[in-house]
Asks: 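This structure is in structure tokens; I'll ask about it shortly.
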2 protein chains.
Amino acid sequence: MPPEKARASTEVVHALIRADLLAGVHQPGEKLKFSPLCERYGASVSVIREALTHLAGEGLVIAEPRIGFRVRDVSLQDLKDLTATRIDIESLALRYAIERGDVEWESRVVAAHHRLERTPMVSADDPARIAEDWESAHGCFHATLLDGCGSPRLLDIARGLRDAAEFYRRWSQTRDPDRDVAGEHKGILEATLARDTDAAEARLRAHYARTVEILEPALRDKR
Amino acid sequence: MPPEKARASTEVVHALIRADLLAGVHQPGEKLKFSPLCERYGASVSVIREALTHLAGEGLVIAEPRIGFRVRDVSLQDLKDLTATRIDIESLALRYAIERGDVEWESRVVAAHHRLERTPMVSADDPARIAEDWESAHGCFHATLLDGCGSPRLLDIARGLRDAAEFYRRWSQTRDPDRDVAGEHKGILEATLARDTDAAEARLRAHYARTVEILEPALRDKR
DNA sequence: TCATGGAAAATATTCGAATATTCTCAGATC
DNA sequence: GATCTGAGAATATTCGAATATTTTCCATGA
């Protein structure tokens, strides 16, 4: 339930809808009608419209002129393409980061990893669901890793792909209990700090390939 | 001067403003105020606002909440980053295209190149300005080249970067009279058809590096 | 049974005005 | 002289109603 805001700016509504999309409140492919959204977020059509246009730019919703907006659909095919693209882009950025990153960047990576390592993956009250804090620390670790590459354009592309991947990840909350995610992160960190480009890239690649493997069964029926 | 449209849908206005931005009607960094835009495009604030929000998603304008919108600024630093990123992304896509592209794709590349070759670079009436037809054929050739890669996500990223580059290219209409652009395109085409990945990538890389060299002097004063 | 047409309902789009915010600049204060 | 203040102007944002479009669904005819 979104908090009742007396004043609803488009930014706030954009963030609320975005959070709801990632949380799975609106199903993939579902039509997003104005009247219900206005009621839910306590805003007029104008601000809903602007928020949706913004989200369409981010690729989370699809704008269909004169028909309306719908939640972006998911498919196994798209997940594979997304993951492959993400691996290529992040490998590129990580290589540059390892090549160009300074000590200040290194420290931020170590800090982000430490935070991730010390954040419990599941919350105490709902062990079936991945904790919000962990999701945040996880995203932050991967973003910081690439941060040293020095290319705003490349980082922007990587951020967009991460958002899209998060959409999939949150939508299907399945996970492999045998998987040593912490170990994978540690491996990436160590290879990066050792400035071992090939090893770091291989580990990053394996990390994401694992994720798609886990999500695959949940998408089997979606084509 | 934009054609007087009795009915102004946001799509039409979006396309008009976009064309004007690429044509340099609105200067980089300039504030885009609603009243003048409403008058110029014959639309109400709502449709102008939606068009600008859309353009902000494409990165051509910058949205500053509660302050308004402005044309994205240009800088030498950004041009260099953009070009480097574009080279990396397009190299990646071209490699995949050469690896995976079928005969149908090959034919489209040949066709696009033929069209580009037979389109005059400058129009008869204004030899100082690059012809609209040529710009279009040029963009189409480069897009088709990557088309065979089979990754919608990667193609989407490449398209965004091409748009950004076009913004720079059109803004500064300088060009090098000694440059053999047609030869460069032919070289890329031949290496691609020969499925010589390394040669094709090297030629694509050189092609874009040349472009930044030519644009550089015009941006010297912009930092 | 299936296709077609065309009201009626549902819905998206657009508008212009009402409101809120930011900017400008003259005057006051230190 | 420099900085603050606040009224007024300029501007962006938000609203709800008016308009246009799409969808639904039932009647009609092949």
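Both backbone and side-chain heavy atoms feed into the values below; hydrogens, waters and symmetry mates do not. Convention: sequence-line order gives letters A, B, ...; per-chain numbering from 1. Everything quoted here is computed from the prediction, not taken from an experiment.
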Asks: Please produce a list of atom pairs where a protein N or O lies less than 3.5 Å from an N or O of nucleotides 9-12 of chain C.
Replies:
| residue | atom | partner | partner atom | Å |
| --- | --- | --- | --- | --- |
| C:dT11 | OP1 | A:Lys33 | NZ | 2.8 |
| C:dA12 | OP1 | A:Lys31 | NZ | 3.2 |
| C:dA12 | OP2 | A:Phe34 | N | 3.1 |

Asks: Any side-chain donor paired with an acceptor under 3.5 Å for A:His207 and A:Glu90?
Replies: no
Asks: How close or far is atom P of D:dC15 from atom OH of A:Tyr41, stated in whole angstroms?
Replies: 16 Å
Asks: Parallel, tilted or perpendicular: which describes the rings of A:Tyr208 and A:His142, with under 30° parallel and over 60° perpendicular?
Replies: tilted
Asks: Report yes if at least one side-chain N or O of B:Ser46 is closer than 4.0 Å to OP1 or OP2 of C:dT14; otherwise report no.
Replies: no
Asks: Taking only residues two or more places apart in sequence or in another chain, which ones pass side chain to side chain contact (heavy atoms under 4.5 Å, CB included) with B:Val212?
Replies: B:Leu79, B:Thr83
Asks: Tabulate below the donor-acceptor pairs under 3.5 Å that side-chain atoms of residues 114-125 of chain A make, not counting sequence neighbours, or state none.
Replies:
| residue | atom | partner | partner atom | Å |
| --- | --- | --- | --- | --- |
| A:Arg115 | NH2 | A:Ser136 | OG | 3.1 |
| A:Glu117 | OE2 | A:Lys186 | NZ | 3.4 |
| A:Thr119 | OG1 | A:Arg115 | O | 2.6 |

Asks: Between A:His26 and A:Phe69, does the ring centroid distance fall short of 6.0 Å?
Replies: no
Asks: Rounded to the nearest angstrom, tell me the gap between atom CD in A:Glu50 and atom P in C:dT14.
Replies: 15 Å
